[in-house]
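Below is one structure, written out as C-alpha cells; the observations come after it.
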Amino acid sequence: MTKVYLNGTYVAREDARIPVEDRGFLFGDGIYEVVRVIEGRLFAWDAHAARMANGLAGLRIRQDGAESATLRAVCERLVKENGLATGEATVYLQVTRGAAPRIHHFPPADTPTTVFGSTARFTPNVAMRTNGAKGITLPDIRWSRCDLKTVNLLGAVLARQAAQEAGAYEALFHRDGMVTEGAATNAFMVVGGVLRTYPLCHYILPGITRMEIVSLAHELGIPLEERPVSLSDLPRVDELFVCGTTTDVQAIVELDGEPIANGKPGPVTVRLREALTRRLMAGAA
Ligand code: PDD
C-alpha cells in the first residue's frame, strides 16, 4: 500500500481526499517541488526547501506546516514507509492556498493551506542519457514569473505534448528571440568552447540541477557565461543539453529534425553528466 502525506497525516494514497474547492484545483494556486532521492538520501534538500519557501512567499501563501524541517521529515518518512530507502526515487511536494469558496482574491487569512507529499520509484533512462535525445523549439507562451515553481503548468504540458508528438524528449522555449529553458528543464549550450545558459531572472526556473552544473563547471575549469543564446544561433551550437531533477544532464543531439554538430553527445556534456552522477552518488554516501 502506497502512503502519501496530506495535512499532517500519512494515509493510503486511495484514501487521500482534497476538497473540490481547493484553490490548487480551481486556480492552480500553489507551489510544488520534485526532489531526487538516492539510497534514501534527499539530494540538495536545502536548495529545494529554500526555493519552495521563496515560491510561497512570491504567491503570498503562508508557510506554516510547510517549513523546511517539517517537509524534510515528511519526505524521509514517506521514503521509508514506501520501501524506497534503497535505489532511486523522487519525492513530490505541493502546497496550495487551501480550500475556500471560489473567489479570485485571497480567502480569509486563517484558511488552512493544503500540504501534500508523495513518492515514486525513479528509473533513469540510461540509453537516452548515453545516446542523446531529440528536441523541438517552441515560443515561450508562459507567464513572466517562471521563477516561481507554481502548479500552473499548462505551458509545459502543451510543450511536452508537442515534443511527444514530434518523437522528441524536450521542447526548448524561446522568448524575444532568445532560448530560455526547456518545458521541464534548464538548457545549456557550448558555443566556441564556452558553456552558456540563460541568466537567472523571472523568465526561467532557478533549477537546482542548473545550480549544480554551474558549480561543477567552475570546479572542472569549464568557461561559463550566464548569457542567452539566440534562437537563430541554436542550430549551430557545438553542444546542447538540458538538465533537471529527473533529467540529470541530457544531451540534445537533434533539434527540429536537424542534427546538433555531429549528432552525438559532445565532450563537455559528457564530462558534466559524469560529474553530476558522481555528485548525486556522493550525496547518497
Ligand atoms: N521540473 N525549468 C522548469 C520549467 C522545470 O519545470 C524544471 C523542473 C527545471 C529544472 O529544475 P530542477 O533542476 O530544480 O529540477 C527547469 C520538475 C522536475 C517537474 O516539473 O517535474
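The analysis underlying the following values was restricted to heavy atoms, covering all of them including side chains, and did not include hydrogens, waters or symmetry mates. Note that the structure is predicted; figures quoted are calculated from it, not measured. In each ligand, atom 1 is the first atom listed, and ligand 1 is the first ligand listed. One-based numbering along the sequence shown.
- The contact set between ligand 1 and R142, taken as ligand atoms under 4.0 Å from a residue heavy atom, comprises 4 (C).
- Shown in contact with G207 at under 4.0 Å from a heavy atom are these atoms of ligand 1, numbered in order with element: 11 (O), 12 (P), 13 (O), 14 (O).
- Here the protein heavy atom with the shortest distance to atom 6 (O) of ligand 1 is A184 CA, 3.5 Å.
- Scanning all protein heavy atoms for the shortest distance to atom 21 (O) of ligand 1 gives V34 CG2, 3.7 Å.
- Side-chain contact annotation: E67 with T70, donor-acceptor N/O pair under 3.5 Å present.
- A183 O, 3.4 Å is the protein heavy atom nearest to atom 4 (C) of ligand 1.
- The atoms of ligand 1 that sit less than 4.0 Å from any heavy atom of T245 are 12 (P), 13 (O), 14 (O), 15 (O).
- A heavy-atom distance below 4.5 Å is not found between the side chains of V179 and P228.
- Between V229 and V191, the closest side-chain pair of non-hydrogen atoms falls below 4.5 Å.
- Counting only N and O atoms by type, the side chains of T150 and W143 include no donor and acceptor under 3.5 Å apart.
- Not a single heavy atom of A156 sits less than 4.0 Å from an atom of ligand 1.
- Using a 4.5 Å heavy-atom threshold, the side chains of T185 and E181 count as separate.
- An N or O contact shorter than 3.5 Å links R51 to ligand 1 by distance.
- The protein atom (non-hydrogen) at minimum distance from atom 3 (C) of ligand 1 is E181 OE1, 3.6 Å.
- Close approach of ligand 1 to T209 is summarised as follows: ligand atoms under 4.0 Å from at least one heavy atom of the residue are 12 (P), 13 (O).
- A donor-acceptor pair shorter than 3.5 Å can be found between the side chains of N82 and T119.
- Of all protein heavy atoms, the one closest to atom 19 (C) of ligand 1 is Y32 OH, 3.6 Å.
- Near G244, meaning under 4.0 Å from one of its heavy atoms, ligand 1 places the atoms 10 (C), 13 (O), 15 (O).
- By the 30° and 60° cut-offs, the orientation of the rings of Y203 relative to Y198 is tilted.
- In terms of polar-atom proximity, defined here as any N/O pair under 3.5 Å, I208 does make such a contact with ligand 1.
- Remark: side-chain polar atoms of E226 are not paired, donor with acceptor, to backbone N or O of T197 under 3.5 angstrom.
- Side-chain N/O atoms of T137 and D256 include a donor and acceptor closer than 3.5 Å.
- Considering both main-chain and side-chain atoms, T246 never comes within under 3.5 Å of ligand 1 through any nitrogen or oxygen pair.
- Proximity of T185 to ligand 1, defined as any heavy-atom pair under 4.0 Å, is confined to the backbone N, CA, C and O atoms.
- At the top of the distance list for atom 8 (C) of ligand 1, counting protein heavy atoms only, stands K149 NZ, 3.3 Å.
- Rounding to the nearest 0.5 angstrom, the gap separating the CG atom in L93 from the CZ atom in F116 is 9.0 Å.
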